[in-house]
Amino acid sequence: MSDKKSTTRPRVRFAPSPSGELHVGGARTALFNWLFARHHGGAFILRFEDTDTDRNKPELIEPIMESLRWLGLDLDEGPYFQSQRTSIYQEHAKKLLAEGKAYLCYCTPEEIEEKRKMAQVTKQNFRYDGKCRNLTPDERSQFEREGRKGALRIKIDPHGSTVVRDLIRGDVVYAHAELDDFVIQRSDGLPLYNFAVVVDDVTMGITHVIRADEHINNTPKQLLIYSALGFDYTKVKFVHVPMVLAKDRTKLSKRHGATAVFEYLEKGVLPEALVNYLVRLGWSHGDQEIFSMEEMIQKFSLEAVHPSPAIFDEEKLLWLNHHYIMHGDPMRLGELAKQFAIKKGIYSEQEANAISADRWAAVVNFLKERNRTLVELAESSKPFLKDQLEYYDPKAIEKFLTPDKAKLLEHVIEAVKENIDNVSFTATNLDAAVRAKLEANGSSLKEVAQPCRVALSGLTQGPGLFEMMEFLGKKRVIERLEKAISMNINKK
RNA sequence: GUCCCCAUCGUCUAGUGGCCUAGGACGCCGGCCUUUCACGCCGGCAACCGGGGUUCGAAUCCCCGUGGGGACGCCA
């Protein structure tokens with residue numbers, strides 16, 4: 001790698017707040033950051049924005065990191081925690097105060113709230129009126145004597161405007177008249193979001209700020225902080241990616257059902273499927289739908305991210321998941337299916353472990369056409385991996401396991417017993433032998449196929465009849481056919 | 001209410017002024033295959049939000065509407 005390239009190596013960060021699980025929208029933002037970093041050989045950094053001690057949930061840190069790991073978004077740096085960097089923010093805050101670029105505001109939250117409500121009543125847009133901006137030393141010490149702790153507000157020149165140069169949206173102009181002297185440090189000395197972000201992005205050498213569109217209105221404020229701090233924000237690229245919306249076109253929230261990454265993990269969705277789905281939300285490469293991680297890294301570019309928000313469509317996710325179940329490594333998928341089988345209580349741990357890895361892999365191949373998630377697959381494996389059939393579809397019994405089918409099932413057993421030994425017990429051989437036997441007795445496969453299927457699996461639908469037989473093995477096939485016949489007799 | 005963003009099938013999208021009778025994918029509906037379901041294959045339904053410009057020519061450029069979303073905290 002040339003020196004030039006190494007000096008321009010981008011540094012990006014994903015900066016979640018640990019106040020909720022990592023949801024799919026956040027995951028997509030993380031993915032875009034990660035892809036951009038990987039594509040350019042840059043650094044992907046994780047930073048937890050946990051300055052709000054009230055809302056902060058430390059127990060969410062690990063699950064968020066686990067979600068990122070599961071998705072395959074590996075970190076180059078971090079995680080950093082803003083809660084551990086308070087002194088850094090305070091230093092910068094002190095500097096702004098000393099330089100007169102910020103001032104202490106002694107208004108209480110209650111006073112501010114009052115004014116906010118007033119503004120609401122008169123349908124005015126609330127902005128802080130700058131009451132404390134020009135306090136005299138006397139007034140200031142008076143407040144201090146009252147025991148008031150000041151919050152630090154940045155001075156914004158009400159005239160003029162700030163332009164956000166966004167890679168996706170172009171130039172967005174904000175009139176300062178729309179802004180106010182907003183608080184950058186709380187009266188308890190903790191920094192606020194806009195301030196901590198800027199200090200961090202500067203000190204961490206972030207070159208590209210890639211975040212969700214909901215943050216674009218914060219950007220002019222942050223730009224003003226860059227300037228106040230004496231930093232040149234034109235060196236930083238800002239990229240606001242479109243939001244991921246729920247079906248009702250509003251912001252994703254708990255009431256929308258599954259929105260967290262881990263919920264999809266638990267449904268038996270593969271990480272490559274979720275990543276593939278997410279990357280196509282707002283980004284595309286011609287008509288291509290299926291992307292491996294390598295292809296995404298190679299082909300991803302921010303310029304190809306389009307600006308409009310996207311709705312999360314679980315159906316398409318499941319289609320992709322099915323694709324990856326169809327084409328993935330059966331040994332890996334088998335192991336995962338086994339884990340879900342245990343986790344979801346479909347198999348006891350002992351039961352699942354008694355089945356070999358090869359067998360789990362085989363059942364994946366056997367059932368992958370008709371299962372969209374690994375949990376579904378684990379569930380539908382039961383008739384084929386367990387010794388005993390636990391379930392017969394009652395309607396299926398009524399319809400297909402009628403007494404008049406007993407004779408035909410006997411013929412099937414005969415065919416299975418007579419013509420085929422354990423070695424030649426293959427679908428092809430079984431197919432030929434069973435058909436021949438039935439025809440010799442003036443019957444046809446069509447007449448027994450469904451009864452036979454119900455006898456073997458308890459269900460009316462599933463893999464090919466002879467594939468099922470091959471998979472189950474001679475012993476079980478005979479057992480189950482005989483049992484079905486005895487069920488017929490009992491019915492009589 | 002104010003500010004900001006967005007606008008192609010139900011959904012994800014291709015499209016960067018003529019290649020568009022608007023392409024692909026999911027979903028949906030038919031058909032084929034077949035012992036069932038599925039897979040697969042074939043086919044179908046389905047969109048440029050509206051109005052003005054610019055231009056020989058607009059899905060593509062501009063303006064105005066309309067609609068949707070987001071932001072307006074000593075939250076992030």
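Letters A, B, ... are given to chains in the order of the sequence lines, protein chains preceding strands, and every chain is numbered from 1. Side-chain atoms are counted along with the backbone in the values below, which use heavy atoms only and exclude waters and symmetry mates.
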Checking base pairs now: Watson-Crick or wobble, both atom distances under 3.5 Å. What partners [N]?
N	answer
B:rG43	B:rC29
B:rC48	none
B:rA38	none
B:rC56	B:rG18
B:rC3	B:rG70

**Message:** Any donor-acceptor pair, under 3.5 Å, between the side chain of A:Asn194 and the base of B:rA76, if you only look at N and O atoms?
**Reply:**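 No, the side chain and the base share no sub-3.5 Å donor-acceptor pair.
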**Request:** Name the closest nucleotide to the A:Ser17 side chain, picking from B:rA76, B:rG69, B:rC74.
**Result:**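 It is B:rA76.
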**Message:** For a quick check, with a 4.0 angstrom heavy-atom cut-off, what is the B/S/- contact string for nucleotides 1-13 of chain B, read 5' to 3'?
**Reply:** BSBSSSS---SBS
**Fill in**
Contact string for nucleotides 33-51 of chain B, one letter per nucleotide 5' to 3', B = base within protein heavy-atom range under 4.0 Å, S = sugar-phosphate only, - = neither, reads --BBBBS------------
**Item:** First encountered from the 5' end of RNA chain B, between A:Lys149 and A:Asp248
**Value:**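 Its nearest nucleotide lies further toward 5', so the answer is A:Asp248.
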**Message:** Counting the atoms with a prime plus P, OP1 and OP2 as sugar-phosphate, which does A:Ser19 contact under 4.0 Å by heavy atoms, base, sugar-phosphate, or nothing?
**Reply:**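 Nothing: the residue A:Ser19, judged by heavy atoms under 4.0 Å, touches no strand.
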**Side-chain heavy-atom pair A:Cys132, A:Arg153 within 4.5 angstrom cut-off** =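 Result no, sub-4.5 Å side-chain heavy-atom pair not found.
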**Asked** If we ignore angles and hydrogens, is there a donor and acceptor under 3.5 Å between the side chains of A:Tyr103 and A:Asn134?
**Response**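 No, because no side-chain N or O of A:Tyr103 sits under 3.5 Å from a partner of the opposite role on A:Asn134.
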**Request:** Would you please say whether a donor-acceptor pair under 3.5 Å links the side chains of A:His240 and A:Thr219?
**Result:**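 Checked: A:His240/A:Thr219 side chains pair up, N/O donor to acceptor below 3.5 Å.
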